[in-house]
Amino acid sequence: MTSPNSDFLKAVVERGYLHQATDMDALDERALKGPITAYIGFDATADSLHVGSMVPIMLLRLLQKTGHKPIVLMGGGTTRVGDPSGKDESRQLLTDEKIQENIAGIKKIFSKFLTFGEGPTDAVMVNNDDWLRGINYIDFLRDYGKHFSVNRMMSFDSVKLRLDREQPLTFLEFNYMILQAYDFCELSRRMDCCLQMGGSDQWGNIVNGIELTRRVEEKQVFGLTVPLLTTASGAKMGKTASGAIWLNEERLPSYDYWQYWRNTEDADVGKFLRLFTELPLDEIERLEKLQGAEINEAKKILAHEATKLCRGEEAALKAAETAQKTFEQGAIGDDLPTKEIKSTDLEAGIGLLGAITEMGLTASNGEARRFVQQGAVKVNDQKIDDPRYSLNASDLDSDKVIKLSLGKKKHAVLKVV
RNA sequence: GGAGGGUUGCCCGAGUGGCUAAAGGGGGCGGACUGUAAAUCCGCUGGCUAUGCCUACGUUGGUUCGAAUCCAACACCCUCCA
């Protein structure tokens, strides 16, 4: 493959988005000639997306920035079926109402990353339920079913895995890939969409769609996948102890979002800067060369840029300020979780275990007890290892607040009113 | 429809009457070390009004002083036969 000439594909390659693609040269040529329309499909299984979807999201953004038209395809219809996906359990089926809510939540996130509208390169969001719901079974079988080889479908990893592990795969789930291929066909017909992108696990589905479109529409369309990211030490992106790193504010405070990026492993800094920020490449090269403690500067920039895109500049600055106060000055940042307490309650004494559980630092009193006994809990940076300890007025610092800490990174504040 | 095998904690997986809140591993978290990193070592990893109590080994009943372990029925899964 020669190196691409179009702005879009050039950036895709340089910034590390490319995993596999079909006929890159022809696609490159098409992208040089004028705006192309491309889509990525997303599930409607939750009302928000998490960091695991960030690579596809950034890819759509890049597409739009380089002068093309992104389509966000919501799998409202296919969510009603469920993807084989190699998981042993079939996916829980959701009600239509819940799916609608989920789509609304996800649209909110995309509106931060893409410009939606009617113009030639404005993004649009479509729901495959629009064309899947009305399908007539017999007609569909006749027109599309004949193009699918079961032999071939059995060879896809998602199916093979389930069969090899002797886990059930229902016919319903087996049909998922047919419906997904049909989506591409339909988008090509309706919106002249010529490119489907997605995670590398979607390669099989994408190729199916390309072939179906060629046979039914007699059009050449393209596919491009992005790598499925794991961190340098092999962990999945976007999962931490406290749960997924959600993109929406209702599910995850911006401070925590900022912290997630701030805690990137050294070995991932360059890769993440390329994928998740829009800094120029020469700047990124400079940053990833930083050694030792200096690389923390690069991580802060990563955290700032990533948070800015998703939560806005103000939220990013506030998070950075809180982090700086908390970690570098040992002070108390505004963004830390805070709870107001009555001074009369404090006079009576507030149990330490209950307090840290209430603040969400620990999940239960029992867990809180263990942490206290292990010496993981601090009150105003002073280690407390007595589980019976009771907070009282003498714990207030000069600003009339009490800082509670679990471990080095989790902090919360009690404020007297 | 018949025969056999299976269902254990977040996940994998041992356990076949009391010593079992259940081995081991993974994951996660905490501590030490550091740079809010990685690696390494140590510890923790059901809940509670806590020297005790409650809930938990697919579901419901039963046997027993005592059941994840034995019996019965049911549900789901797998394999083979029809």
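Each chain gets a letter, A, B and so on, in the order the sequences are listed, and its residues count up from 1. None of the values given here were measured: they were computed from a predicted structure.
Both the sub-6.0 Å distance and the 45° axial angle are not jointly satisfied by Lys65(A) relative to the ring of Phe8(A).
For the pair Asn296(A) CG and U34(B) C1', the interatomic distance rounds to 11 Å; values are reported in whole Å. The distance from atom OH of Tyr260(A) to atom P of G28(B) is 12 Å, rounded to the nearest whole Å. Atom CG of Asp256(A) and atom P of U36(B) are 18 Å apart (whole Å). With rounding to whole Å, Phe327(A) atom CZ is found 15 Å from G35(B) atom P. Lys378(A) places its NZ atom 12 Å from the P atom of G30(B), with the value rounded to the nearest Å. Taking atom CG on Asp268(A) and atom P on A39(B), their separation rounds to 11 Å, with Å as the unit. Taking atom CD of residue Glu367(A) and atom P of nucleotide G30(B), one finds them 10 Å apart after rounding to whole Å. When rounded to the nearest whole Å, the span between CD1 of Ile245(A) and C1' of G28(B) equals 14 Å.
The distance from atom NE2 of His411(A) to atom CE of Met359(A), rounded to the nearest 0.5 Å, is 12.5 Å.
For U40(B), the paired base is A32(B) (Watson-Crick or G-U wobble, both distances below 3.5 Å). In this structure C10(B) sits in a base pair with G26(B), meeting the Watson-Crick or G-U test at under 3.5 Å. Remark: A3(B) base-pairs with U79(B). Criterion, Watson-Crick or G-U wobble with two distances under 3.5 Å. Base pairing of C19(B): no nucleotide in any strand meets the Watson-Crick or G-U wobble criterion (both distances under 3.5 Å). Base-pair partner of A72(B): U60(B) (Watson-Crick or G-U wobble, both distances under 3.5 Å). Across all strands shown, U51(B) remains unpaired; no Watson-Crick or G-U wobble contact has both distances below 3.5 Å.
The pair Lys342(A)-Glu347(A) fails the salt-bridge criterion, with no side-chain N (NZ, NE, NH1 or NH2) lying under 4.0 Å from an Asp/Glu carboxylate O. Under the 4.0 Å criterion applied to side-chain N and carboxylate O atoms, Lys271(A) and Glu288(A) are not assigned as salt-bridge partners. Ion pairing between a basic and an acidic side chain is recognised when a charged N comes within 4.0 Å of a carboxylate O; Arg142(A) and Asp139(A) show such pairing.
Applying the 4.0 Å criterion to OP1 and OP2 of C48(B), one finds that Ser364(A) has a side-chain N or O inside that range. Between Arg388(A) and U49(B) there is no side-chain polar atom (N or O) within less than 4.0 angstrom of OP1 or OP2. Considering only side-chain N and O atoms, Asn365(A) lies under 4.0 angstrom from the phosphate OP1 or OP2 of U49(B). Taking 4.0 angstrom as the limit, Lys409(A) places a side-chain polar atom (N or O) nearer than this to OP1 or OP2 of A37(B). A close approach under 4.0 Å does not occur between any side-chain nitrogen or oxygen of Thr264(A) and OP1 or OP2 of A37(B). Between Lys410(A) and U36(B), a side-chain N or O to OP1/OP2 separation shorter than 4.0 Å is absent.
Within the nucleic acid shown, Leu406(A) has no heavy atom closer than 4.0 Å to any nucleic acid atom. Contact annotation for Phe371(A): backbone-only contact, meaning every heavy-atom pair under 4.0 Å involves sugar-phosphate atoms and none involves a base. Across all strands shown, Ala267(A) has no heavy atoms under 4.0 Å from either base or sugar-phosphate atoms. Across all strands, Arg262(A) comes closer than 4.0 Å to base atoms (heavy-atom distances). Nucleic acid contact for Gln373(A): none, since no nucleic acid atom lies under 4.0 Å from a heavy atom of the residue.
For Glu265(A), whose side chain is taken as the heavy atoms from C-beta onward, the closest listed nucleotide among A38(B), U36(B), C44(B) is A38(B). Checked against U36(B), A37(B), G43(B), the side chain of Asp266(A) finds its nearest nucleotide in A37(B). Of all nucleotides listed (U36(B), C44(B), G31(B)), C44(B) comes nearest to the side chain of Arg370(A). When each of U34(B), G35(B), U36(B) is scored by its nearest atom to the side-chain atoms of Lys408(A), the top-ranked nucleotide is U34(B).
Of the C1' atoms belonging to U45(B) and A56(B), the separation is 16 Å, rounded to the nearest Å. Rounded to whole Å, the C1' atom of U8(B) lies 23 Å from the corresponding atom of U63(B). U34(B) and U20(B) have their P atoms separated by 40 Å, given to the nearest Å. For the C1' atoms, the distance from C53(B) to G58(B) is 27 Å, rounded to whole Å. Rounded to whole Å, the separation between the P atoms of G43(B) and G26(B) comes to 14 Å. To the nearest whole angstrom, the two C1' atoms, one in G17(B) and one in C65(B), are 12 Å apart. Rounded to whole Å, the P atom of C70(B) lies 24 Å from the corresponding atom of C77(B).
Residue order along RNA chain B, read from the 5' end via each residue's closest nucleotide, puts Gln291(A) first among Ala363(A) and Gln291(A). For Gly292(A) and Arg369(A), each mapped to the nucleotide of RNA chain B holding its nearest heavy atom, the one lying further toward the 5' end belongs to Gly292(A).
With hydrogens and angles disregarded, a donor-acceptor distance shorter than 3.5 Å links the side chain of Asn380(A) to the backbone of Lys403(A). Of the possible polar contacts, one joining the Asp397(A) side chain to the Val401(A) backbone as a donor-acceptor pair under 3.5 Å is found.
In this model, no side-chain donor or acceptor of Lys300(A) finds a partner on the base of U36(B) within 3.5 Å.
Enclosure of atom CD in Glu97(A) is not indicated, since only 12 or fewer non-hydrogen atoms of other residues, nucleotides or ligands lie within 6.0 angstrom.
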